[in-house]
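Beneath this line is the structure, given in structure tokens, with notes to follow.
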Amino acid sequence: MTAQDILKDLKNRKYKPVYMLHGEEPYFIDLISDFVERKLLPEAERGFNQTVLYGKDTDVMTVLNASKRYPMMADYQVVLVKEAQDMKWGSDDADKKGMNPLLSYLENPLPSTILVFCYKYGKFDKRKKTYKAIEKSGLIFESAALYDSKIPAWIEGFITEKGYKINPQASMMLSEYLGNDLSKISNELEKLMLNIQAGQEITLKHIHDNIGISKEYNVFELQTALSRRDAFKANQIINYFEANPKANPLVLVLGNLFSFFSKVLTYHYVKDKSPQNVAREIGISPYFVKDYEQAARSFNYAKTMQIISYLRECDLKSKGVDSNTDNGGLMKELVFKILH
């Protein structure tokens, strides 16, 4: 079940008595949590029938005491436990009296209570009896982190849901620059859409004008310049990066180049070089296959392997391993090695 499936059920008042939202990707957990907190109950009912707790400031007994209350003049009450990963959950074993209050409640939860645990930045231990009890009586949702290759498609889906369209180059540009932080991406897109008419296609120009990514000097253009072995353009971009380090941090540049050349390496392995197959194997839009074809022509398998080694070496040097060169110097050295 996806986050959208859960939200659909919640909107249709199809509730479970207990929810465990856990996983590495906080975005989807926050998406559901925000809906539960702001929209699940009518505003007039929240004062009496909604309890919001934070893991580091609460404990199991406080959660249980809140959960065992009956709603006041309403059908349901909500108990929302944020940052549940910081709560001391205790042992699965029974206490000296042979009791485990949490487990007892989870095995037979109050139907009029909607108890939601938001357990972020990691997975709840599936071996625990607590997990199995929630799985049986409620719903468990794992918010898995998206692979970098899946981010452009996620951006396109997010935009489409909001009634807009986005150019493939624009979605790739956003994923290259903003990484896989879905919360950051969604915030930037929300701001971007405020300046664009509904239904309009978002283009590279919109990205450049509204998100502060230079039209000519960005990682995307650096990849193109390197693929074409255009030393002059590549060095222009590197000089711009050196002059604007906050907008173009070395860690971001290296991460994107590593991702790009790793895909070029995969391209060399692929036997069926048809655009559709290459796109599927590499995990990109068919629109960008030509870029990887160009890079593969410029850098054979052995050179691509060497470039990946250079990137790893540059990453170590940037962290002070066997080097005291500044980041600008490291980037210039890296571009020289890639092109020679």
Side-chain angles (χ1 to χ4, degrees), residues 146-160 164-180 185 201-209 211 213-238 240-241 248 252-311 331 334-340:
L146 293 185
Y147 291 111
D148 290 348
S149 61
K150 302 292 184 184
I151 299 299
W154 183 86
I155 291 172
E156 289 168 18
F158 182 91
I159 289 292
T160 301
Y164 293 80
K165 299 176 182 177
I166 188 166
N167 177 282
Q169 279 186 304
S171 62
M172 180 63 77
M173 169 75 75
L174 281 171
S175 68
E176 293 280 0
Y177 260 81
L178 301 178
N180 61 0
I185 294 171
E201 182 179 64
I202 296 171
T203 65
L204 280 175
K205 187 177 187 308
H206 292 126
I207 303 298
H208 298 144
D209 291 347
I211 298 184
I213 300 173
S214 169
K215 184 175 181 179
E216 289 187 77
Y217 305 115
N218 55 67
V219 174
F220 207 66
E221 292 301 322
L222 177 60
Q223 289 172 182
T224 300
L226 292 173
S227 296
R228 295 174 179 172
R229 288 186 171 274
D230 186 340
F232 180 75
K233 181 66 175 179
N235 279 290
Q236 271 190 323
I237 295 169
I238 288 299
Y240 178 85
F241 287 178
N248 305 277
L252 174 68
V253 176
L254 291 179
N256 285 315
L257 289 180
F258 185 82
S259 175
F260 178 74
F261 282 105
S262 294
K263 289 172 183 174
V264 175
L265 186 64
T266 303
Y267 180 92
H268 282 297
Y269 277 110
V270 175
K271 292 182 180 180
D272 178 2
K273 294 290 198 292
S274 64
Q276 291 297 328
N277 185 63
V278 169
R280 184 169 55 253
E281 292 290 335
I282 294 180
I284 58 171
S285 164
Y287 182 89
F288 295 103
V289 169
K290 62 183 184 299
D291 296 333
Y292 292 90
E293 289 176 347
Q294 173 66 55
R297 285 196 297 270
S298 295
F299 306 109
N300 61 25
Y301 171 81
K303 181 62 178 179
T304 305
M305 287 287 289
Q306 196 174 42
I307 289 170
I308 290 173
S309 176
Y310 292 151
L311 289 166
M331 282 194 282
L334 175 64
V335 166
F336 179 85
K337 287 181 175 180
I338 290 173
L339 294 176
H340 292 83

For side-chain contact (heavy atoms from CB on, under 4.5 Å), just list the numbers for Asp291 and Gln223, CA-CA rounded to whole Å, side-chain angles, deciding distance to a tenth of an Å, and then say yes or no.
CA-CA 9 Å; Asp291 296 333; Gln223 289 172 182; over 6 Å; no
Heavy-atom closest contact ([X] atom, [Y] atom, distance):
{"X": "Glu201", "Y": "His206", "answer": "O-CE1, 3.3 Å"}
{"X": "Ala225", "Y": "Ile237", "answer": "CB-CD1, 4.5 Å"}
{"X": "Ser175", "Y": "Pro152", "answer": "OG-CG, 3.6 Å"}
{"X": "Thr203", "Y": "Ala170", "answer": "C-CB, 3.8 Å"}
{"X": "Val335", "Y": "Ala234", "answer": "CG1-CB, 4.0 Å"}
{"X": "Lys303", "Y": "Ile338", "answer": "CE-O, 3.2 Å"}

Checking side-chain contact (heavy atoms from CB on, under 4.5 Å) for the pair Phe241/Ile238: CA distance, chi angles, key distance, verdict?
CA-CA 5 Å; Phe241 287 178; Ile238 288 299; 4.2 Å; yes
Find the distance between [atom1] ([X]) and [atom2] ([Y]) and round it off to the nearest 0.5 Å.
{"X": "Ile155", "Y": "Thr160", "atom1": "CD1", "atom2": "OG1", "answer": "11.5 Å"}
{"X": "Lys337", "Y": "Ile307", "atom1": "NZ", "atom2": "CD1", "answer": "12.0 Å"}
{"X": "Ile284", "Y": "Thr266", "atom1": "CD1", "atom2": "OG1", "answer": "10.0 Å"}
{"X": "Phe158", "Y": "Tyr164", "atom1": "CZ", "atom2": "OH", "answer": "11.0 Å"}
{"X": "Glu281", "Y": "Ser274", "atom1": "CD", "atom2": "OG", "answer": "9.5 Å"}
{"X": "Arg229", "Y": "Arg297", "atom1": "CZ", "atom2": "CZ", "answer": "13.0 Å"}

Under the side-chain hydrogen bond (donor to acceptor under 3.5 Å, both in side chains) test, which residues partner [X], sequence neighbours left out?
{"X": "Ser262", "answer": "none"}
{"X": "Gln169", "answer": "Tyr287"}
{"X": "Arg228", "answer": "none"}

Indicate yes or no for a side-chain donor-acceptor contact from His268 to the backbone of Leu265 under 3.5 Å, with no hydrogens or angles considered.
no
Output yes when a side-chain donor or acceptor of Asn277 lies under 3.5 Å from a complementary backbone atom of Asp272, and no otherwise.
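The answer is yes, because a donor-acceptor pair under 3.5 Å joins these two groups.
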Are [X] and [Y] close enough that some pair of their side-chain heavy atoms sits under 4.5 Å apart?
{"X": "Leu334", "Y": "Leu311", "value": "yes"}
{"X": "Ile185", "Y": "Trp154", "value": "yes"}
{"X": "Phe220", "Y": "Asn256", "value": "no"}
{"X": "Phe299", "Y": "Met305", "value": "no"}
{"X": "Leu174", "Y": "Ile166", "value": "yes"}
{"X": "Tyr267", "Y": "Thr304", "value": "no"}
{"X": "Leu146", "Y": "Asn180", "value": "no"}
{"X": "Leu226", "Y": "Leu257", "value": "yes"}

Is it the case that the side chains of Gln236 and Tyr240 hold a donor-acceptor pair, with the cut-off being a distance below 3.5 Å and no angle test?
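Distance-only check fails for Tyr240 and Gln236.
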Judged by modelled atom types alone, do Ser227 and Gln294 share a side-chain donor-acceptor pair under 3.5 Å?
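There is no such pair between these side chains.
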For atom [atom1] of [X], is the number of surrounding heavy atoms from other residues, nucleotides or ligands below 6.0 Å larger than 12?
{"X": "Lys150", "atom1": "NZ", "value": "no"}
{"X": "Lys165", "atom1": "NZ", "value": "no"}
{"X": "Lys290", "atom1": "NZ", "value": "yes"}

